[in-house]
Q: 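Take this structure first; my questions come after.
Convention: sequence-line order gives letters A, B, ...; per-chain numbering from 1.
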There are 2 protein chains.
Amino acid sequence: MATSVRRGPYACGIDAGIDVVAGKWKVLILWELQQHGIRRFGELRRGLPGVSEKMLIQHLREMEEDDLIHREVFREVPPRVEYSLTEHGSSLNEALRPLGAWGGQRRKRLDAQGAGGAGGVGPR
Amino acid sequence: MATSVRRGPYACGIDAGIDVVAGKWKVLILWELQQHGIRRFGELRRGLPGVSEKMLIQHLREMEEDDLIHREVFREVPPRVEYSLTEHGSSLNEALRPLGAWGGQRRKRLDAQGAGGAGGVGPR
DNA sequence: TTCTATACTCACCTAAAAGTAAGTGCCTTG
DNA sequence: CAAGGCACTTACTTTTAGGTGAGTATAGAA
């Protein structure tokens, strides 16, 4: 049960794509690794304000299993573990770009609405 | 609390994009509407095997609020309600395409692995 | 008259995701 | 010698998403 497929049978590709990034912090992890190339566990934790160690490691393990990220352990003391994107992780990031752009547009729309619109929410 | 923003503050665009399609059936609804242009509630329900009426309508309402879909009510008996994509819904669908393609590749990889690999899971 | 279909709404329940907090082994720093 | 940082692990609780099944008004079909 440890190895292999996990999740779906999928109805279609989008399904499979979304499934792999479902998880509160996964796209942020992807982004963080894309930006920095290589990050240690503690760096990731500090780079994702609000994430708990449990969730971070859980997501990292799932992403490793999905072959999105690479995990390299250095047998030193204090321990050092470095995470980086695999080829698939990198291409996933590329594939997410249009969605990110769309989301950016949406954010702008919402901001404009919130700022000039029927007051109430205020900008954040 | 009824109207306006819902969800986030978002860390970035991808966040906002994913948030809007988070929900078990949302991309499938998007897809169904893209394929057919216009669909009635019951047609959608039948087109999405396994969806419950509650979830379907809940997702439809959220997507309407997010301005992804348009809802048109015909005051007839029996009631008729037609759903279609808005411009934003349509562009979202476009933005999801690369992710869908990526997911398709992944599916193929998993299938190949499952079929030829170190036996155990078998094809689904 | 009863049954079916339409597009829902409502109350309740389960299961999965996420959060909290404590503990682990080991070495460096003060 | 105590404290702290590293990368985790474990047990437990809370929150949220999703599922189930019933009820609603109306009209046409059987």
Side-chain angles (χ1 to χ4, degrees), chain A residues 1-2 5-11 15 18-29 32-33 36 38-66 69-84, chain B residues 1-2 5-11 15 18-29 32-33 36 38-66 69-84:
Chain A
M1 217 215 273
V5 193
R6 293 203 306 104
R7 304 195 271 272
Y10 302 119
D15 237 28
I18 290 218
D19 188 42
V20 118
V21 293
K24 198 169 174 184
W25 307 94
K26 287 193 181 174
V27 290
L28 267 23
I29 293 173
E32 190 77 9
L33 290 178
H36 298 275
I38 290 184
R39 296 239 96 179
R40 298 179 59 170
F41 180 82
E43 292 175 326
L44 283 172
R45 173 163 39 83
R46 285 187 292 274
L48 274 45
V51 74
S52 66
E53 298 194 332
K54 178 198 142 193
M55 284 316 298
L56 180 54
I57 205 139
Q58 186 176 308
H59 282 168
L60 287 171
R61 290 283 146 86
E62 288 178 11
M63 292 168 79
E64 194 192 351
E65 199 177 325
D66 287 340
I69 62 176
H70 174 71
R71 175 168 176 267
E72 189 157 7
V73 182
F74 297 82
R75 295 193 35 89
E76 312 173 348
V77 165
R80 180 155 63 105
V81 180
E82 292 186 345
Y83 294 92
S84 55
Chain B
M1 217 219 270
V5 193
R6 292 200 309 105
R7 305 194 273 267
Y10 301 119
D15 236 28
I18 291 220
D19 188 42
V20 119
V21 293
K24 197 169 174 185
W25 307 94
K26 286 195 180 172
V27 292
L28 265 24
I29 293 172
E32 190 77 7
L33 290 178
H36 298 275
I38 291 184
R39 296 241 96 178
R40 298 180 59 171
F41 180 82
E43 291 175 325
L44 283 171
R45 175 165 37 85
R46 286 188 291 273
L48 273 46
V51 74
S52 66
E53 297 194 332
K54 179 199 143 192
M55 284 318 297
L56 180 54
I57 204 137
Q58 184 174 308
H59 282 169
L60 287 170
R61 290 285 144 86
E62 288 177 10
M63 292 168 79
E64 194 192 351
E65 200 177 324
D66 288 341
I69 61 175
H70 174 71
R71 175 170 177 267
E72 189 159 7
V73 182
F74 297 82
R75 294 192 35 85
E76 312 174 347
V77 164
R80 180 155 63 106
V81 179
E82 291 186 346
Y83 294 90
S84 54

Q: Please confirm whether the shortest side-chain N or O distance from B:Arg46 to OP1 or OP2 of C:dT6 is below 4.0 Å.
A: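 For C:dT6, OP1/OP2 do have a side-chain N/O of B:Arg46 under 4.0 Å.
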Q: For B:Arg40 and C:dA7, is the shortest distance between a side-chain N/O and OP1 or OP2 below 4.0 Å?
A: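 For C:dA7, OP1 or OP2 has a side-chain N or O of B:Arg40 closer than 4.0 Å.
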Q: Grab the CD-P distance between B:Glu76 and D:dA27 for me, whole Å please.
A: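 My rounded result for the distance is 13 Å.
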Q: Reckon B:Arg39 touches a base, only the sugar-phosphate, or nothing at all at heavy-atom distances under 4.0 Å?
A: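 Result for B:Arg39 = nothing.
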Q: Are B:Arg40 and B:Val81 close enough that some pair of their side-chain heavy atoms sits under 4.5 Å apart?
A: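 With C-beta onward as the side chain, the pair stays apart.
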Q: Looking only at side-chain N and O atoms, does B:Arg80 come under 4.0 Å of OP1 or OP2 in C:dA5?
A: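 So the side chain of B:Arg80 is outside the cut-off, no N or O lying under 4.0 Å from OP1 or OP2 of C:dA5.
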Q: Reading DNA chain C from 5' onward, which residue's closest nucleotide shows up sooner: B:Pro78 or A:Pro79?
A: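 That would be B:Pro78.
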Q: At under 4.0 Å between heavy atoms, what does A:Arg75 touch on the DNA or RNA strands: base, sugar-phosphate, or nothing?
A: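 It contacts nothing in the nucleic acid.
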Q: Calculate the interatomic distance between A:Phe41 atom CZ and D:dT9 atom C1'; express it in whole Å.
A: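 Taking CZ of A:Phe41 and C1' of D:dT9, I get 11 Å after rounding.
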Q: Does the side chain of B:Arg45 get closer than 4.0 angstrom to OP1 or OP2 of C:dC8 through an N or O atom?
A: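 B:Arg45 to C:dC8 OP1/OP2: no side-chain N or O under 4.0 Å.
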Q: For nucleotides 17-20 of chain D, which of its nitrogen or oxygen atoms have a protein nitrogen or oxygen under 3.5 Å away, and what is each distance?
A:
residue, atom, partner, partner atom, Å
D:dG18, OP1, B:Lys24, N, 2.8
D:dG18, N7, B:Lys54, NZ, 3.3
D:dG19, OP1, B:Lys24, NZ, 2.6
D:dG19, N7, B:Lys54, NZ, 2.9
D:dG19, O6, B:Lys54, NZ, 2.3

Q: Given side chains that start at C-beta, do those of B:Leu33 and B:Arg39 come closer than 4.5 Å, heavy atoms only?
A: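 A side-chain contact under 4.5 Å exists here.
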Q: Nearest whole angstrom, please: distance from the C1' of C:dC26 to the CZ of A:Phe74.
A: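 Result: 19 Å.
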Q: Calculate the interatomic distance between A:Ile57 atom CD1 and C:dA18 atom C1'; express it in whole Å.
A: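 A:Ile57 atom CD1 is separated from C:dA18 atom C1' by 16 Å.
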Q: Is any side-chain nitrogen or oxygen of B:Arg71 closer than 4.0 Å to OP1 or OP2 of C:dA7?
A: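 Answer is no, no contact under 4.0 Å.
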Q: Does B:Asp19 use its side chain to pair, donor to acceptor, with the backbone of B:Asp15 at less than 3.5 Å?
A: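 Absent.
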Q: So, do B:Leu60 and B:Tyr83 sit near enough that their side-chain heavy atoms are less than 4.5 Å apart?
A: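 SC-SC contact between B:Leu60 and B:Tyr83 confirmed.
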Q: What verdict does the salt bridge (Lys or Arg N to Asp or Glu O under 4.0 Å) test give for B:Arg80 and B:Glu82, after you've listed the backbone C-alpha separation in whole Å, the side-chain angles of each residue and the deciding distance to 0.1 Å?
A: CA-CA 7 Å; B:Arg80 180 155 63 106; B:Glu82 291 186 346; 2.8 Å; yes
Q: So, the side chain of B:Glu62 versus the backbone of B:His59: is there a donor-acceptor pair under 3.5 Å, distance only?
A: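 Side chain of B:Glu62 to backbone of B:His59, a donor-acceptor pair under 3.5 Å: no, none is there.
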Q: Tell me what B:Tyr83 touches on the nucleic acid: a base, only sugar-phosphate, or nothing, going by heavy atoms under 4.0 Å.
A: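 B:Tyr83: backbone/sugar contact only, no base atoms under 4.0 Å.
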Q: Whole angstroms only, please: what is the CD-C1' distance between A:Glu72 and D:dC6?
A: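 Whole-Å distance recorded here is 17 Å.
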Q: Report yes if the side chains of B:Arg71 and B:Arg61 come closer than 4.5 Å at any heavy-atom pair, otherwise no.
A: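 Yes. Closest side-chain heavy atoms under 4.5 Å.
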Q: As a test of reading the structure: which of C:dC8, C:dC26, D:dA27 is closest to the side chain of B:Val77, going by heavy atoms?
A: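 Nucleotide nearest to B:Val77's side chain: D:dA27.
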